[in-house]
Amino acid sequence: MTLFIEELLIGSMTYKSTTPNVTYDDLEYNFNFEVILAGDNRPTRVATETLKVDRDIEYTFLVSGNIAAPTITVWSKPERTFNSADTFFEAQFAHADASLGAVDVYFLDPATAPALGLEEATLNFGEISPLSDYTEGDFILTITTAGDPSDVLFVTDVLNPAILNSFIIGIFEGDANDLSPVAVRSFSSNGFESSIEDISTTATIRFFHAAPGLVTSDIYTDEDLMSQILANHAERDVTGDIPLDPASIPLTYTEAGNVGNILLESTVNIVQGNHYHFYVVGPIPNGTGDPLADLRVFFQVPDRRPVETVAKFRLAYASTNHEITDFYIVPTGGDITELPPLFVNVGVGTQPLPANLIEGDFEMYLTVADDPTMVIAGPIPLTTALGDVIEYVIYDNADPATADIVLIPDP
């Protein structure tokens, strides 16, 4: 979604994010909200909010509800100026989770447990707490059902917010990218925003064995090869989500059942609350000639959040038989010699590629690069619906002249 003051762009935002902070004269303005709907090339204006802006007041818009007719909630507060000698910050807590009932918000030092009477605020959806100043120090944020401090919905590790800042701590509904049903984001007056994670969650990792140059493997998460996370990981295997504690973690692939034969070593930096995908592909063409040395790994945070205006598509390429290719998605019956490819010059060693698609019936093709008459695979039917999140991997086929375009199941 994009936000305009009259017809001047302020900025764009995705779910659970915000536009940059901007400053304008104290006049009355129309603030306009636009989105690009599925299949459209031009944005659609979905809401307009008329607001008289007063001097030294900061305004925040909360956009919620149905995209066809969103609700705009306006929060305001006095603009704060900090002195360099100040040792405090100010914060407000906002309830932006329409699926959640009334909540109590606690923001306490780590030695103090939540109890009735200690809450910063009781909030319903669309409400924001009064401003409060906090002295520099450590805090724990706890969100509970209103009136019941024992019913914890979300709790953080120790937080140490930066002084000389003004924060809005927003409570949102978690989505498929979150490990908690409640998502919390921090938005500061200096334009910095961040995710605040629930300490009760961990992280997950999903392994993709897409490397003909790698035999069936065991995977370990320590240098001593004592902590096995996965056994007998064979070519074309794709795991589900495997929990993994936040840390800098060494990943070691060994031959299945033989810790003495180390095949691949890598390190991944795991952050709490994230899903991760770890792909192994190769060997890459024209490499060193050593299949193991020519392997490539990709470590990604996948975007799993369904969006009602697009179908999300992601493609990983693992066919070592075809060095450089083009990939097409065309309407069913479409002529690829007359249509551009979706992805060009794709080969082993290319990062998994994302795209947004419209709803409909399509066909997928893989061709020799720059030559749509040389079809390697296809037509493969593809039906998309708005809100889909789809992932495919292209593998070698037993017939080296072709390749397999394989749908990856949800974790």
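Note that the numbering runs from 1 along the sequence shown for the chain.
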### Task
For the pair Gln300 and Gln351, evaluate side-chain contact (heavy atoms from CB on, under 4.5 Å) and give the outcome as yes or no after the intermediate values.
CA-CA 9 Å; Gln300 291 188 332; Gln351 288 268 358; 3.0 Å; yes
### Task
List the steps, then state whether side-chain hydrogen bond (donor to acceptor under 3.5 Å, both in side chains) holds for Asp198 with Ser200.
CA-CA 5 Å; Asp198 187 336; Ser200 65; 2.8 Å; yes
#### Entry: Sub-6.0 Å ring centroid separation between Phe167 and Phe187
no
### Message
Would you say that Ile394 contacts Val406 through its side chain, given a criterion of any heavy-atom pair below 4.5 Å between the two side chains?
### Response
no
### Query
Taking it one step at a time, do Asp361 and Thr332 satisfy side-chain hydrogen bond (donor to acceptor under 3.5 Å, both in side chains)?
CA-CA 6 Å; Asp361 294 320; Thr332 300; 5.5 Å; no
### Message
Can you confirm whether Leu159 sits close enough to Asp138 that some side-chain heavy atom of one is under 4.5 Å from a side-chain heavy atom of the other?
### Response
no
### Task
Just do the side-chain contact (heavy atoms from CB on, under 4.5 Å) check on Thr267 and Ile249 with the steps written out, would you?
CA-CA 6 Å; Thr267 300; Ile249 295 176; over 6 Å; no
### Task
Supply the atom-to-atom distance His95 NE2 to Glu127 CD, rounded to the nearest 0.5 angstrom.
8.0 Å
### Query
Between CD1 of Ile128 and OG of Ser76, what distance do you get to the nearest 0.5 Å?
9.0 Å
Contacts under 3.5 angstrom, residues 60-69 side chains, donor-acceptor by atom type, not counting sequence neighbours:
unit_1	atom_1	unit_2	atom_2	d
Asn66	OD1	Ala68	N	2.8

### Message
Test side-chain contact (heavy atoms from CB on, under 4.5 Å) on Leu251 and Glu265; report intermediate values, then the result.
### Response
CA-CA 6 Å; Leu251 290 179; Glu265 294 178 299; over 6 Å; no
### Query
CG of Leu37 to CD of Glu308: how many Å apart, nearest 0.5 Å?
9.0 Å
### Sidechain-backbone polar pair: Glu363 side chain, Ile329 backbone, donor-acceptor under 3.5 Å
no
### Query
So which heavy atom on Ala318 is nearest to which on Ala210, and how close?
CB-O, 3.2 Å
### Message
Can a donor-acceptor pair be found, under 3.5 Å and without considering hydrogens, that links the side chain of Asp290 to the backbone of Leu292?
### Response
yes
#### Entry: Option from Glu120, Gln92, Glu119 for which side-chain contact (heavy atoms from CB on, under 4.5 Å) with Ser129 holds
Gln92
### Query
Does any non-hydrogen side-chain atom of Phe31 lie less than 4.5 Å from one of Ile72?
no
### Message
The test is side-chain hydrogen bond (donor to acceptor under 3.5 Å, both in side chains); show your working for Thr384 and Glu359 and say whether it passes.
### Response
CA-CA 5 Å; Thr384 61; Glu359 186 174 46; over 6 Å; no
### Query
Is a side-chain N or O of Asp326 found less than 3.5 angstrom from the main chain of Asn345, in a donor-acceptor match?
yes
### Task
Mark yes or no for whether Ser189, through its side chain, and Ser166, through its backbone, hold a donor-acceptor pair below 3.5 Å.
yes
### Query
Is the side chain of Thr221 donor-acceptor paired with the backbone N or O of Ile229 at a distance under 3.5 Å, no angle test?
no
### Message
Apply side-chain hydrogen bond (donor to acceptor under 3.5 Å, both in side chains) to residues Asn397 and Thr402 and explain how you reach the verdict.
### Response
CA-CA 6 Å; Asn397 185 277; Thr402 186; 5.3 Å; no
### Shortest non-hydrogen contact from Tyr276 toward Asn269
OH-O, 3.8 Å
### Query
Is a side-chain donor or acceptor of Asp109 paired with a backbone partner of Ala111 at a separation under 3.5 angstrom?
yes
### Task
Evaluate the side-chain contact (heavy atoms from CB on, under 4.5 Å) criterion for residues Leu141 and Val155: first the C-alpha distance (whole Å), next the side-chain angles of each, then the deciding distance (0.1 Å), finally the verdict.
CA-CA 6 Å; Leu141 171 66; Val155 61; over 6 Å; no
#### Entry: Glu391 side chain near Lys312 side chain, heavy-atom distance below 4.5 Å
no
### Query
Any donor and acceptor pair, going by atom type alone, linking the side chain of Thr239 with main-chain N or O of Phe207 inside 3.5 Å?
yes
## Note on the structure
d(Asn356 CG, Ile358 CD1) to nearest 0.5 Å is 11.5 Å
### Message
Taking OH in Tyr24 as the centre, count heavy atoms belonging to other residues, nucleotides or ligands within less than 6.0 Å. Is the count above 12?
### Response
yes
### Heavy-atom donor-acceptor pair, Asn261 side chain to Glu255 backbone, under 3.5 Å
no
### Query
Should the pair Glu173-Lys16 be classified as a salt bridge under the 4.0 Å nitrogen-to-oxygen rule?
no
### Task
Would you confirm whether the ring centroid of Tyr365 sits within less than 6.0 angstrom of the ring centroid of Tyr328?
no
### Query
Parallel, tilted or perpendicular: which fits the ring planes of His233 and Tyr253, with parallel below 30° and perpendicular above 60°?
tilted
### Query
Is the count of non-hydrogen atoms from other residues, nucleotides or ligands lying under 6.0 Å from Glu6 atom CD greater than 12?
yes
### Message
Tell me if the centroids of the rings in Phe208 and His277 come within less than 6.0 Å of each other.
### Response
yes
### Summary
Between Thr204 and the options Leu179, Ile242, Ile270, the side-chain contact (heavy atoms from CB on, under 4.5 Å) test singles out Leu179
### Query
What residue among Trp75, Tyr106, Phe107 forms ring-ring contact (aromatic ring centres under 6.0 Å, His included) with Phe93?
Phe107
### Query
Heavy-atom distance under 4.5 Å between the side chains of Phe172 and Tyr15, does that happen here?
yes
### Task
To the nearest 0.5 angstrom, please state how far the CE atom of Met364 sits from the CG atom of Leu382.
5.0 Å
### Task
Answer whether the closest heavy-atom distance between the side chains of Val281 and Tyr317 falls below 4.5 Å.
no
### Query
Of all heavy-atom pairs between Glu197 and Gly273, which one has the smallest distance, and what is that distance?
OE1-CA, 3.5 Å
### Summary
Scanning both residues in full, the closest heavy-atom pair of Val259 with Ile262 reads O-CG1, 4.0 Å
### Query
Would you say the side chain of Thr309 lies within less than 4.5 Å of the side chain of Leu386, judging by non-hydrogen atoms?
no
### Query
Checking Asp396 side chain against Thr320 main chain: does a donor-acceptor pair fall under 3.5 Å?
yes
### Message
Any heavy-atom pair between the side chains of Glu193 and Arg185 that's under 4.5 Å?
### Response
no
#### Entry: Sub-6.0 Å ring centroid separation between Phe88 and Tyr134
no
### Query
Can the ring centres of Phe89 and Phe139 be said to be less than 6.0 Å apart?
yes
### Query
Any donor-acceptor pair under 3.5 Å linking the side chain of Asp303 with the backbone of Arg305?
yes
